[in-house]
Asker: 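This is the structure I want to talk about, given as structure tokens.
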Amino acid sequence: MIMVPWKSHVRAKLFQRDCLQREPFSGLFNKVSRLEDMLNLHVSLLEDLERNSSNQNGIKKQVEEEAPPKLCLELREAQHDREELIQKVSDLTSVLYLKEAELQYCHSQVARFRSEAVLLAKGASLLKDDLSEYQYKLECQSKELAALRLEHKNLKEDLAVTRQEREELLERWLEEKKEEAERLNKHNATLERWNRFAGRLKKRHSGGCCRQKCAAATNCPRITQRHSADQPLPDISE
């Protein structure tokens, strides 16, 4: 007898619930049930004894009529107990089948949980490997970041030094250009003064030469010789 797992599980839960609900009154229920059975036996026995006519079970009826009432009652009780035992055996068999079905269901659940545990263990191992790899990558990236930060710091310091040197060079260049401009201005001023002075000297020199030529021309003897028309006169300025 193979039952569907979920059906057997539901039946087992219902049976467990019934047992839990009947447990406080189990003794009382058993006594009442036993008394009811005994009452039914006594009533049926009295009815059988009061009947004088034969029934379908003639042989059995004759044995019961010939036997005393106490023996008949014991026979009925034994028969009733036998029926109860048969019913109990049947109930226990059904319960056994139910327990076997529950056991099979539990075994199947255990196998399923075991396979799931194996898969989860493999997944956990893979995740652990991935985590180790990510930690290694994170460590490498942290080292690279530290190196880049150090390099950035050094570059920043070098940039500050370069800017300072550029400012100093610019200041020195401006000072040199300023000094050069001042020297050029002084040179231009000196040259201008020299040109003025040279101009004055040239004017004075040219004036003195003219006066000397004029004096020389007035002091020389007159030429009495007559030149011919085709002979030029000598240049005095020479």
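For the numbers below, each heavy atom of this structure counts, side chains included, while hydrogens, waters and symmetry mates do not.
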Asker: Between Glu116 and Arg112, is there a salt bridge with N-O shorter than 4.0 Å?
Answerer: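 Between Glu116 and Arg112 there is a salt bridge, with a charged N closer than 4.0 Å to a carboxylate O.
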Asker: More than 12 heavy atoms of other residues, nucleotides or ligands under 6.0 Å from CZ of Arg82: is that the case?
Answerer: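 It does not: Arg82 CZ has 12 such atoms or fewer within range.
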Asker: Identify whether the distance between the nearest side-chain nitrogen and carboxylate oxygen of Glu168 and Arg172 falls below 4.0 Å.
Answerer: no
Asker: Applying salt bridge (charged side-chain N to carboxylate O under 4.0 Å, His left out) to Lys177 and Glu180, what does each step give before you reach the verdict?
Answerer: CA-CA 5 Å; Lys177 290 296 180 182; Glu180 185 178 356; 3.8 Å; yes
Asker: Within this structure, what is the CG-CZ distance for the pair Leu14 and Arg11, rounded to the nearest 0.5 Å?
Answerer: 9.0 Å
Asker: Taking the side chain as every heavy atom from C-beta outward, state whether Leu169 and Trp173 have any pair of such atoms under 4.5 Å apart.
Answerer: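 They are not in contact (no side-chain heavy atoms under 4.5 Å apart), so the answer is no.
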Asker: Under a 3.5 Å distance rule, please check whether Ser142 uses its side chain to pair with a backbone N or O of Leu138 as donor and acceptor.
Answerer: yes
Asker: Rounded to the nearest 0.5 Å, how far does OG of Ser125 lie from CG of Asp130?
Answerer: 9.5 Å
Asker: I need the Ser115 OG to Leu120 CG distance, nearest 0.5 Å.
Answerer: 9.0 Å
Asker: Grouping I, L, V, M, F, W and Y whenever their side-chain heavy atoms are under 4.5 Å apart, do Leu191 and Phe197 come out in a common cluster?
Answerer: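 Leu191 and Phe197: separate clusters.
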Asker: Between the side chains of Gln87 and Asp91, does any donor sit under 3.5 Å from an acceptor?
Answerer: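 Per modelled atom types, Gln87 and Asp91 side chains form a pair under 3.5 Å.
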Asker: Run through Glu157, His152, Glu151 and flag the one making a side chain to side chain contact (heavy atoms under 4.5 Å, CB included) with Leu155.
Answerer: Glu151
Asker: Would you compute the distance between atom NZ of Lys178 and atom CD of Glu171 and round it to the nearest 0.5 angstrom?
Answerer: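 Spacing of NZ (Lys178) from CD (Glu171) equals 12.0 Å.
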Asker: What's the separation between atom CZ in Arg200 and atom CG in Asn195, rounded to the nearest 0.5 Å?
Answerer: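 Going from CZ on Arg200 over to CG on Asn195, the span is 11.0 Å.
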Asker: Do Glu133 and Lys137 sit within salt-bridge range, that is, some charged N less than 4.0 Å from a carboxylate O?
Answerer: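 Yes, charged N to carboxylate O under 4.0 Å.
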Asker: Let me confirm one number: the CG-OH distance from Leu127 to Tyr134, rounded to the nearest 0.5 Å.
Answerer: 9.5 Å
